[in-house]
2 protein chains.
Amino acid sequence: MVYNKTKKVLAKQNLLRKKILAAAKEVMAEEKSGNFSIKTIAQKAGIATGTFYLYFTSKEALIENVVQELYTELLALIKEERSHYSDVFDKLQASMEVCIRTFLQKKQMAKILLKFFPEINYTVNNKFIDIEKDLIRFVKEDIDELLAAGFIPPQDSLVSATAFVGTFREVMLSWLNNEKPVDWELAYRTLIEYNMRAIGKK
Amino acid sequence: MVYNKTKKVLAKQNLLRKKILAAAKEVMAEEKSGNFSIKTIAQKAGIATGTFYLYFTSKEALIENVVQELYTELLALIKEERSHYSDVFDKLQASMEVCIRTFLQKKQMAKILLKFFPEINYTVNNKFIDIEKDLIRFVKEDIDELLAAGFIPPQDSLVSATAFVGTFREVMLSWLNNEKPVDWELAYRTLIEYNMRAIGKK
DNA sequence: GCAAGAAATGAACCACAATTCATTTTATAG
DNA sequence: CTATAAAATGAATTGTGGTTCATTTCTTGC
């Protein structure tokens, strides 16, 4: 005979799954943690190590879940913000602003997406989405549009888009590693204008 | 009684040390290798695993040696090239050109410095020199000089320098990962001009 | 309340990799 | 050539961490 789960049990399980994900995020966001153990996560979530495997098939699956969740969240924020503008320069600027704001505000997300994920993504090669490539593709679309309209000088749009994303990774990472600027307003403006001038906005 | 090494043995040992370093570089430059084993390196160098520890105190020491060697080589190339110019814009451009040329030419160096090293540098936290920080400092000095002379608009020079280095890491990495541009000349120009425009060269 | 199913447990299993060390091989010096 | 020092060897040691599984605890449906 097969027993059915009651709503109460289902709710408890959902909660536990979330608890594990939350614990994983915490652990992943900590320093020095390209290598974390399931044991640590289980402990933080208040379960036995074996229980973890009732909720996730493997460590890899867990990571994929966490990263996918965070990336989706970030993309949604960017898309929402961009929808308020029609001018491509404005859209680009809005994307940059929302990225900076989000990463400054959600340190855990920033650490996992900018630091932890690229770190392990190489080792588990191509098993996960390549977030940076994805973002580069989006920026490239904007640059191509500006190029087609003749608003910016000739350039290899893929290289420019790659460079563009590179400035963010590097600067946000330096901030995460506690090299905070003295004048936030100037730092913030500098990063945005750096890229605006770079693609050739007059 | 203590025996003295003959020249022949000394030479052989020097050679073996170099052989191990060469094997290490090969292995480190290979895909998926934030994690490589001493066994693999010993095998590639044609020695027993135990022998490795007669030449290096630990895996960590080996990595530090390799990275230090490559970084010193790169810095020397940059400094040499810069010495031919006095104008700061020219010096910056020369630095960029020599970086691109060197990394395109020495794939192994590029893979180790751009990919392998940042990957493991986090885990062995701050045990090694922070290459990127070092490079950023150099770029910052140039930008500060340009700022002082009023040649470029006001900006947070540390943020700009960080962004500057970030474009290189991201673009060179994408090239290493085999996303080669169709038109090399345009790609090359794009990366250099991206940063020149970005800091505000008129 | 109870028998059978489902979930949770954590010790045990396994694979792997850094490092060590007893033993073997090679080099030195008289 | 030989006695001893030095170098090389690779199997054994140690530590770690992902995953499994026999056992215990909790749930379900009557």
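The model shown is predicted, which means the values in this text are computed figures rather than measured ones. Labels below follow one simple rule: chain letters A, B, ... track the order of the sequence lines, proteins then strands, and each chain is numbered from 1.
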Task: side chain to side chain contact (heavy atoms under 4.5 Å, CB included) involving A:L77 - partner list, sequence neighbours excluded - done: A:V98, A:T102
Task: For B:A187, side chain to side chain contact (heavy atoms under 4.5 Å, CB included) partners two or more places apart - done: A:D156, A:V159, B:W175, B:P181
Task: Whole-Å distance separating the CG atom of A:L62 from the C1' atom of D:dG17 - done: 15 Å
Open item on the list: So, using side chain to side chain contact (heavy atoms under 4.5 Å, CB included) as the criterion, who are the partners of A:Q43 when residues are at least two apart?
Closed with: none
Task: Spacing of A:I63 atom CD1 relative to D:dT19 atom C1', expressed in whole Å - done: 15 Å
Open item on the list: Can you measure B:K19 atom NZ to D:dA8 atom C1' for me and round it to whole angstrom units?
Closed with: 14 Å
Contacts table for residues 6-14 of chain B: side-chain donor-acceptor under 3.5 angstrom, sequence neighbours left out:
unit_1, atom_1, unit_2, atom_2, d
B:T6, OG1, B:V9, N, 3.4
B:Q13, OE1, B:K5, NZ, 3.1

TODO: Quickly work out the B:N35 CG to C:dA17 C1' distance and round it to whole Å.
DONE: 10 Å
Task: Separation of C:dC16 C1' from B:Q43 CD (nearest whole Å) - done: 15 Å
- [ ] To the nearest Å, give me how far apart CD1 (A:I47) and P (C:dA11) are.
- [x] 15 Å
- [ ] Can you check each nucleotide of nucleotides 18-30 of chain C against protein heavy atoms at under 4.0 Å and return B for base, S for sugar-phosphate only, - for none, in 5' to 3' order?
- [x] SBB------SBSS
Task: Qualifying residues under side chain to side chain contact (heavy atoms under 4.5 Å, CB included), relative to B:I38, sequence neighbours excluded - done: B:F52, B:Y53, B:K59
- [ ] Test A:E97 against A:R82 for salt bridge (charged side-chain N to carboxylate O under 4.0 Å, His left out), laying out the working first.
- [x] CA-CA 10 Å; A:E97 277 170 1; A:R82 285 173 64 92; over 6 Å; no
Open item on the list: Students often get this wrong, so: under 4.0 angstrom with heavy atoms, is A:F56 touching a base, only sugar-phosphate, or nothing?
Closed with: nothing
